[in-house]
Amino acid sequence: MKMTKKIFLAAIAVAAFAFTGCDALMGKLGEGTTTGFKWNKKMTVDGTDKKLYDESGVAQHAYRRFIKETKANETVTNISTDIVIDTEKSDYHTDDAVKGGGNAVVGLAFDFHTSTDKSKYDFILVGFAPETKKFYIERYFDVASVKASTAADAMADDAEDLGSIGFDSSDSSMGPYYNFEKDSNGILQITNKKDTDVPSTYSDWYDLPANALVIDETAKTATVNVEVKQDTAGLYEIYIGGTKVAEYNGEVKIADDAKKNPGFAQGGVAVYANTPVGKTFDADKKVGSGTKVVVNYKSDKSKTNGLFEEDAE
């Protein structure tokens, strides 16, 4: 009986590591959730959460950000994703923001790379604000992960989702980043580096291409398609709503002697949201006056390569 008990306890310990230790290696969970399966991920990020306020109802942060890898594979060369906002369950604008314009941002990160010690992340972020119909592109580097608050938090997410970073803060960005600005042909190209204490301004934002944001009143959705592809190996081309908006020369290339896609740039992909927090907390309803987003990411298999093990060989 004693030996059986020891084996049983050892099995529990191994299972606990499988749920928490693996996430710890790949990146820590933040304050957001993802559910679903490979080609359809649902993300919820809530800037109205009571955890964002102290006992007196005073907001402790201006923003709730969440970024999470879709899969541990960092081998994506091309991807096309419909970012579908549930407009009935989302509230992506507040007039009572602690800081800034009060507009929630959702987006897709690509060229995502994890440091050797699993503590820092580099990626390109394509974000858009459905309220203003504007978007930006930023190249982040050395973004630090944060620790899951409890083991239960780490276990709460589905096992396929391995890398994530969450931020409740009043910082204007997740860290240092490079801007993208238009060249003479109107295509966004990477430009200057900005410091973390310099907030983004609307000079960094651009109007979404015409008809890129598709509103469906019946289905109660707002959808934007983001596609990243490489017609020339190594050169990412970014499309929003079918219109080319940017280029970026990827830094991590597939070896020239590889069996598949030699010379192509590759990296991971991640879902993203930034939900501004509101100044006011309703003690009766136990919610704040900030923003919340519920979003589905629906990837097109025919236009995606390297996202999962079966197509990364």
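We use all heavy atoms of the structure for the numbers below, so side chains are in, but hydrogens, waters and symmetry mates are not. Small disclaimer: the values here were computed from a predicted structure and weren't measured.
- Within the structure, every pair that satisfies the ring-ring contact (aromatic ring centres under 6.0 Å, His included) test and touches residues 213-239, not counting sequence neighbours, is listed here: F110-Y236.
- With 3.5 Å as the limit, one finds a donor-acceptor pair spanning the side chains of E247 and Q189.
- Between the NE2 atom in H61 and the CG atom in D49 there is a gap of 10.5 Å [rounded to 0.5 Å].
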### Task
Given salt bridge (Lys or Arg N to Asp or Glu O under 4.0 Å), test E237 with K244 step by step and report yes or no.
CA-CA 7 Å; E237 296 178 86; K244 182 176 177 179; 2.8 Å; yes
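- N185 places no side-chain N or O within 3.5 Å of a backbone atom of I187 that could act as its donor or acceptor partner.
- With a 4.5 Å cut-off on side-chain heavy atoms, I83 and L108 count as touching.
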### Query
D168 and L52: side chain to side chain contact (heavy atoms under 4.5 Å, CB included), yes or no, with the steps?
CA-CA 8 Å; D168 290 346; L52 293 162; 3.7 Å; yes
### Task
Please report the C-alpha distance between M174 and F167 in whole Å, then the side-chain angles of each, then the deciding distance to 0.1 Å, and finally whether the side chain to side chain contact (heavy atoms under 4.5 Å, CB included) criterion is met.
CA-CA 8 Å; M174 291 179 285; F167 297 96; 4.3 Å; yes
### Task
Could you check R139 against E251 for salt bridge (Lys or Arg N to Asp or Glu O under 4.0 Å), going step by step and ending with a plain yes or no?
CA-CA 12 Å; R139 194 319 192 170; E251 296 179 11; 3.4 Å; yes
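- For the pairing with W205, the ring pair (Phe, Tyr, Trp, His ring centres under 6.0 Å) check across F128, F180, Y136 returns one residue only, Y136.
- Linking ILVMFWY residues whenever their side-chain heavy atoms come closer than 4.5 Å, directly or via other members, leaves V126 and L235 in distinct clusters.
- Under 3.5 Å, the side chains of S299 and T81 contain a donor-acceptor pair of N or O atoms.
- Here the closest heavy-atom approach between residue I67 and residue A109 is recorded as CD1-CB, 3.8 Å.
- A salt bridge does not link K120 with D142: every distance from a Lys NZ or Arg NE/NH1/NH2 to an Asp or Glu carboxylate oxygen is 4.0 Å or more.
- Using modelled atom types, one side-chain atom of K99 and one backbone atom of S170 make a donor-acceptor pair closer than 3.5 Å.
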### Task
Take D207 and K134 through the salt bridge (Lys or Arg N to Asp or Glu O under 4.0 Å) test and state the conclusion after the steps.
CA-CA 4 Å; D207 292 333; K134 291 181 179 290; 2.7 Å; yes
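- Atom NZ of K42 has 12 or fewer neighbouring heavy atoms from other residues, nucleotides or ligands inside a 6.0 Å radius.
- Judged as a side chain to side chain donor-acceptor pair (under 3.5 Å), and not counting sequence neighbours, the contacts of S80 are N225.
- With sequence neighbours excluded, no residue forms a side chain to side chain donor-acceptor pair (under 3.5 Å) with S90.
- For the pair R65 and S169, the tightest heavy-atom approach, listed with the atom from each and the gap, is NH1-OG, 3.6 Å.
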### Task
Test side chain to side chain contact (heavy atoms under 4.5 Å, CB included) on K51 and E31 and set out the steps.
CA-CA 10 Å; K51 295 179 183 178; E31 293 294 338; 4.2 Å; yes
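- The ring-ring contact (aromatic ring centres under 6.0 Å, His included) pairs that include a residue from residues 281-303 are Y53-F281, where partners are two or more places apart or lie in different chains.
- Put simply, Y92 and I240 are part of the same group of oily side chains (I, L, V, M, F, W, Y) that touch within less than 4.5 Å, one to the next.
- There is no path of hydrophobic side-chain contacts, each under 4.5 Å, that joins Y63 to V295.
- Of the inter-residue distances, the one linking W39 atom CH2 with T70 atom OG1 reads 10.0 Å to the nearest 0.5 angstrom.
- To the nearest 0.5 angstrom, T243 atom OG1 is 10.0 Å from L208 atom CG.
- Scanning both residues, Q230 and N78, for their nearest heavy atoms gives N-OD1, 2.9 Å.
- Residues Y178 and F141 bring their aromatic ring centres within 6.0 Å.
- With D171 contributing its side chain and S173 its backbone, the two residues share no donor-acceptor pair below 3.5 Å.
- Note: N261 CG to Q266 CD = 8.5 Å, rounded to the nearest 0.5 Å.
- Using modelled atom types, no side-chain atom of T114 and backbone atom of K118 make a donor-acceptor pair closer than 3.5 Å.
- The NZ atom of K298 sits 14.5 Å away from the NZ atom of K41 when rounded to the nearest 0.5 Å.
- G234 and N249 get closest at one heavy-atom pair: O-OD1, 2.9 Å.
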### Task
Just do the side chain to side chain contact (heavy atoms under 4.5 Å, CB included) check on F66 and V45 with the steps written out, would you?
CA-CA 7 Å; F66 182 71; V45 183; 3.7 Å; yes
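- Under a hydrophobic clustering in which Ile, Leu, Val, Met, Phe, Trp and Tyr are joined whenever their side-chain heavy atoms come within less than 4.5 Å, directly or via other members, Y206 and Y248 fall into the same cluster.
- Using a 3.5 Å distance cut-off with no hydrogens or angles, the side chains of N305 and T77 do pair a donor with an acceptor.
- Taking 4.5 Å as the limit, every side-chain heavy atom of D216 sits out of range of all side-chain heavy atoms of T223.
- T94 places a side-chain N or O within donor-acceptor distance of the main-chain N or O of S289, the cut-off being under 3.5 Å.
- Contact between D117 and S115 at its shortest, heavy atoms only, is OD1-OG, 2.6 Å.
- Linking Ile, Leu, Val, Met, Phe, Trp and Tyr residues whenever their side-chain heavy atoms come within less than 4.5 Å leaves M43 and V294 in two separate clusters.
- Judged by distance alone, with hydrogens and angles left aside, the side-chain atoms of D54 form a donor-acceptor pair with the main-chain N or O of S56 at under 3.5 Å.
- Between H113 atom NE2 and I124 atom CD1 the span is 8.5 Å, to the nearest 0.5 Å.
- With side-chain heavy atoms closer than 4.5 Å counting as contact, directly or through intermediates, the hydrophobic cluster containing F264 also holds I254.
- Side-chain contact check for H93 and D95: at least one donor-acceptor pair (N or O, by modelled atom type) lies under 3.5 Å.
- Annotation: F112 is in aromatic contact with Y121 [ring centroid separation under 6.0 Å].
- N211 CG: 12 or fewer foreign heavy atoms inside a 6.0 Å radius.
- Formation of a donor-acceptor pair under 3.5 Å by the D82 side chain with backbone atoms of V84 is not found in this model.
- A donor atom on one side chain and an acceptor atom on the other are found under 3.5 Å apart for N40 and N296.
- When all heavy atoms are compared, the tightest approach of T291 to A104 is OG1-CB, 4.0 Å.
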Return all side-chain donor-acceptor pairs below 3.5 angstrom for residues 269-280, not counting sequence neighbours, or 'none' if the list is empty.
residue: T275; atom: OG1; partner: G47; partner atom: N; Å: 3.3
residue: T275; atom: OG1; partner: R64; partner atom: O; Å: 3.1
residue: T280; atom: OG1; partner: D96; partner atom: OD2; Å: 2.7

